[in-house]
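Structure, as structure tokens:
In listed order, ligands and their atoms are each counted from 1. Along the sequence shown, residues are numbered consecutively beginning with 1.
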Amino acid sequence: MPHNIVFSPIAEELAAIAREIADKHVRPAAAKYDKAQEYNYEAAKAVAQAGLFKTFIPKEYGGHGAGILALARVTEELAKADSGFGVAFAVNALGSFPILVGGTEAQKQHWLPQIARGEKFVAFCLSEKYAGSDASGLAVTAVEDGDDYIISGEKKWTTNGGVADIYSVFCVTDPTSKSRRISAIVVEKGTPGFTVKKVENKMGIRCVPVVETHFDKVRVPKKNLIGEKPGMGFKHAMMTLDLARPGVAAQAVGAAQGALDLANVYSNRRVQFGAPISSHQMVQKMMADMGMKTEAARWLVYAAAAAADAQAGNVSKMAAMAKCFATDVAMEVATDAVQVFGGYGFMEDYPIAKYFRDAKILQIYEGTNQIQRMVIARSLIKDCAELDHLKPFIPTEVQQTYRADLAPIGKS
Ligand code: CAA
């Protein structure tokens, strides 16, 4: 069932602030940080000072308690100016959600207020070299030792790694268990044995670091085990992704809108054959499709975010649909925007090429779009249980075998 999409006044207020910060601190510096592959601390500071990290943190832990829809609105505004900065912001929510969905009251009281104030940045360590889509196949171990866990192994694709102060690290705590194999443990920057090794050289989103995080017998107190009950890690990871995927999808909507806006301005200024190219029907077709797809993606994302806020039963499916659809749209729109710009679109002199480079990762991270389609298809199969009333309309023909030893085919 669709959920009411209600924009709270605080969501709109935060989105407006995000738009201002994006115009002042993000867009003007986007090319510089992209080229240097450096983090935009100045913009992150402005985001912290404006209280935008409070968006997704409940009020009782020092946040605005504005929810996932507000988070989507803020992310969209930041990503419109620079998709990389959009994820630099949203990844803090991804890294915080395991604490939010699974943490004890004491853990929430300890970490969430610092995150809300923007004093501590967060990262999410799930993926490994040999555990990407198959997230439950991870190999980093956490072994009990008195009051501590000893974490050993390495993680791959840690977005925000190095910048972040708090890491939600998914580890094997019970190798013998199938369903309770994994636990999430918080590791703080500076813990002995915890290091950032390879810093990836990326095609896009270059203003946010993506790194390998290494754990060489890292000792952390048991009180850092999220929920203080081992074996809940995979569930917490999946619940986290249900909440975070609307954020990636919002990043995609922002990226698509940003590319569309640039193509719109260019196509109205670029004169060929004596008229702006926006008056040429083939360009109009592209622009119309780009606008239509971006708008459709936007409302699917808002619907998924509203479902997450309503803690609806179909949140996994909605989040996967929004992530998959919006990120495919972002790639299509960015590709067509480059096409509208022609030769200029192919040059790094102008930001439109960066929109194209930034868009690709959206279809890959936080679950590839193939995994999203799998989640959606599995969910549709479950929905089938509610559709018994349609059975009379389904073919039920029986095929005779004309053999005494075999029942007719299709007879139940
Ligand atoms: N909420 C709660 N529990 C869930 C759940 C959900 N949405 N989905 C699954 N579970 C539970 C199941 O109920 C099941 O529990 P029991 O064992 O108690 O029965 C358990 O989890 C296992 O479920 P599945 O059998 O469905 O698991 P699976 O191994 O088939 O995997 C998957 C499911 C959807 C493929 C999952 O592995 C997945 O999402 N993979 C993609 C991983 C991913 O998105 N990685 C992105 C990393 S983050 C990143 O990219 C961030 C960044 O850099 C910015």
Side-chain angles (χ1 to χ4, degrees), residues 75 79 83-98 100-102 121-138 140 155-164 167-170 174 177-184 199-200 202 204-205 207-213 227 229 231-252 304 307-308 311-324 327 358 360-379 381-382:
T75 306
S83 185
F85 192 77
V87 68
F89 169 73
V91 74
N92 290 282
L94 173 72
S96 305
F97 286 150
L100 256 171
V101 300
F121 296 136
V122 202
F124 180 77
C125 300
L126 178 67
S127 301
E128 299 178 5
K129 286 176 188 165
Y130 295 97
S133 293
D134 182 7
S136 66
L138 59 87
V140 166
K155 290 285 180 185
K156 190 80 177 163
W157 318 130
T158 305
T159 305
N160 225 18
V163 168
Y167 297 75
S168 298
V169 185
F170 291 82
D174 184 356
S177 170
K178 195 167 181 310
S179 60
R180 297 288 176 265
R181 202 175 154 259
I182 294 166
S183 304
V199 178
E200 306 290 348
K202 306 183 294 305
I205 61 156
C207 72
V208 60
V210 173
V211 305
E212 283 179 11
T213 37
K229 190 170 151 220
M232 300 307 292
F234 193 71
K235 255 196 169 50
H236 292 161
M238 293 300 110
M239 290 160 79
T240 288
L241 290 167
D242 285 348
L243 295 181
R245 284 175 180 157
V248 180
Q251 188 197 334
Q311 298 179 1
N314 64 351
V315 65
S316 300
K317 179 173 78 177
M318 291 296 289
M321 283 179 164
K323 194 277 177 185
C324 188
T327 61
D358 285 349
K360 187 60 212 170
I361 189 62
L362 294 164
Q363 296 176 300
I364 299 171
Y365 65 18
E366 292 202 29
T368 64
N369 284 3
Q370 286 70 25
I371 288 293
Q372 308 306 326
R373 286 180 168 91
M374 190 180 95
V375 171
I376 296 162
R378 282 182 180 181
S379 177
I381 291 167
K382 275 194 201 144

Spacing of H236 atom NE2 and I182 atom CD1 [to the nearest 0.5 Å]: 12.5 Å

Taking every non-hydrogen atom, the tightest pair across K323 and V248: CE-CG1, 4.1 Å

Heavy-atom side-chain proximity of P98 to L100 below 4.5 angstrom: no

Salt-bridge present (E128, K156; N to O < 4.0 Å): no

Residues Q251 and T75: side-chain donor-acceptor under 3.5 angstrom: no

Pair F124 + F170: ring centers closer than 6.0 Å: yes

Within the protein, residues bringing a heavy atom under 4.0 Å of ligand 1, chain by chain: L94, F124, S127, G132, S133, A135, S136, W157, T159, S179, R180, F234, K235, M238, M239, L241, D242, R245, S316, Y365, E366, G367, I371, M374, V375, R378

